[in-house]
Amino acid sequence: MTRINKTSKFAIKGALAALALGLSAQGALAEKVKVGLLLPYSGVYAALGNDIQAGFELGLETFGKEYDFVIANEDTEVKPPQGLAKARKLILQYKVDVMAGIVSSGVLGAVRDLVDGAKVPLIVANAGNDDATGAKCSPYITRMSFSNAQVNRPMGKWLAEQGVKKVFTLAPDYAAGRQMIDAFTASFTAAGGEIVGQEYTPFRKTQDFGPYLAKAKASGAEAVFVFYAGGEAISFVKQYDSFGLKKDIPLYGSGFLTSSLYVNAEGPAAEGVITSLHYVPTLDNPENKAFVEAFKAKTGRLPSEFSAHGYDAARALVEALNTGARGREGIANALRSVSFTGPRGETSIDPATGNIVQPIYVYETVAGENGLTQKVLASLPVEADPANGCAMPAPK
Ligand code: PHB
């Protein structure tokens, strides 16, 4: 594997790492596959981008030894116009065979038409934007992460079944926040629950959640349900506790809120928070055990859902290449039929939408021997997302 840095010079570190792994000798024989990684390396989601990259590289090292991957990284920050400019650069300047990454639903929305029009395969390694595998789906977009509705829809029903009837919701005001809360709200109210208040906080700009927490407190809610991720999740969880709300109104959310990537930065404030997600590092299956060990050996820390997206995105690419698929068109087509048992359990791509089909887990953040950990409370049924207006020809 060779990494090309942002100025398109060969990164010395990457070249040395490739030599150390013996990949350069092999690389002379192996076929080159040019991969463009579009990730945030700065801004509120920077830690997520770095974790996805670590997982992606591990996935290529684990599954893709026969290929010589040349990787170009571009920083999308968390800004749609920046993401679009960087995607264009990867396609036109680096002439990549395939792109992977994208953390923010806003960035995914911005690059969708470019990807579809340029016919370059994109493996989404985070952004849950429902439209990208719904009304705005494309044969060139395959998602190995989750959709915003998929993670939150089962949680609305589950929470109502626990006897919680009145909920106040909060999320950042952008596509992901709105879609996650919409999916939760639809299933929670269908199961007899009531939303007693709903607020959206300015994305990337809210430092003080106090005014919103005051509204939640006054709302008569029995529980608060939120989506926050990255730096915003850390601030929110800490403020929820220091505001004194946690002991009176239990906190629920989509599981990015208490991701293993940063839950220890949240500290005791995160204890007892119950959320839903498609991956936690405590899942008890052999594929996950192997992933956790290999990730720890590589990085010195536990993986998160973000590293799992990267790892599975790399594996999906390798599986597509293993079918003999080559070039942008061939890889895009083969990606639509990928399926394997990975760290999250049974994982497959729905050829009708390009979205992943996978189990969703409810987990509680609890104190463990080495800091906070994830106790799985329930495994919810695997459900493919509805087509939501997606109409594509079947893969060839
Ligand atoms: C998104 O914008 O789609 C998004 C970002 C961060 C997450 C989850 C979803 O943790």
Side-chain angles (χ1 to χ4, degrees), residues 38-53 55 76-80 82-84 100-112 122-134 136 141 143-153 155 170-184 200-204 206 225-237 253-263 265-266 270 273 275-280 303-310 312-313 344 355-356 358 360-361 363 365 374 385:
L38 272 174
L39 289 168
Y41 299 107
S42 52
V44 281
Y45 291 158
L48 287 60
N50 286 313
D51 212 42
I52 291 170
Q53 174 150 340
T76 58
E77 303 180 31
V78 189
K79 297 180 181 156
Q82 167 104 351
L84 179 59
I102 307 197
V103 164
S104 156
S105 281
V107 173
L108 179 54
V111 306
R112 184 269 168 207
L122 167 66
I123 308 173
V124 178
N126 190 74
N129 195 330
D130 293 324
D131 297 340
T133 50
K136 301 278 273 173
I141 298 178
R143 180 152 46 203
M144 286 308 294
S145 48
F146 60 90
S147 71
N148 292 330
Q150 184 178 47
V151 170
N152 296 282
R153 187 193 308 118
M155 188 61 172
L170 274 164
D173 190 7
Y174 81 109
R178 294 207 168 248
Q179 292 177 357
M180 297 219 194
I181 297 300
D182 283 353
F184 169 81
Y200 291 95
T201 55
F203 182 39
R204 301 190 289 119
T206 306
F225 181 90
V226 306
F227 161 69
Y228 285 104
E232 289 197 326
I234 300 173
S235 311
F236 182 85
V237 168
S254 54
F256 310 102
L257 184 67
T258 44
S259 171
S260 55
L261 181 60
Y262 38 76
V263 72
E266 296 171 350
V273 176
T275 61
S276 59
L277 203 59
H278 48 287
Y279 176 80
V280 286
S304 71
E305 66 276 24
F306 307 110
S307 21
H309 303 160
D312 286 347
R344 324 176 202 187
N355 199 36
I356 191 165
Q358 60 188 343
I360 300 294
Y361 303 95
Y363 76 93
T365 298
Q374 300 76 29
D385 273 6

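Just so it is clear, the model here is predicted, and its values are computed rather than measured. Both counts, for ligands and for their atoms, begin at 1 and track the order of listing. Hydrogens, waters and symmetry mates are skipped; everything else that's a heavy atom, side chains included, is used.
Residues Thr201 and Tyr228 bring a donor and an acceptor atom of their side chains to less than 3.5 Å of each other. With 3.5 Å as the limit, one finds no donor-acceptor pair spanning the side chains of Thr133 and Asp385.
Not a single side-chain hydrogen bond (donor to acceptor under 3.5 Å, both in side chains) links Ser260 to another residue, sequence neighbours left out. Phe146 is linked by a ring-ring contact (aromatic ring centres under 6.0 Å, His included) to Phe256, His278, His309, counting only residues two or more places apart in sequence or in another chain. Qualifying ring-ring contact (aromatic ring centres under 6.0 Å, His included) partners for Phe225, counting only residues two or more places apart in sequence or in other chains: Phe184.
The line from CZ of Arg344 to CD1 of Ile356 is 4.0 Å long, rounded to the nearest 0.5 Å.
Within 4.0 Å of ligand 1, the residues that place a heavy atom are Tyr45, Leu48, Val103, Ser104, Ser105, Asn126, Ala127, Gly128, Phe146, Asn148, Tyr174, Ala176, Met180, Phe227, Ala229, Phe256, Phe306, listed by chain and number.
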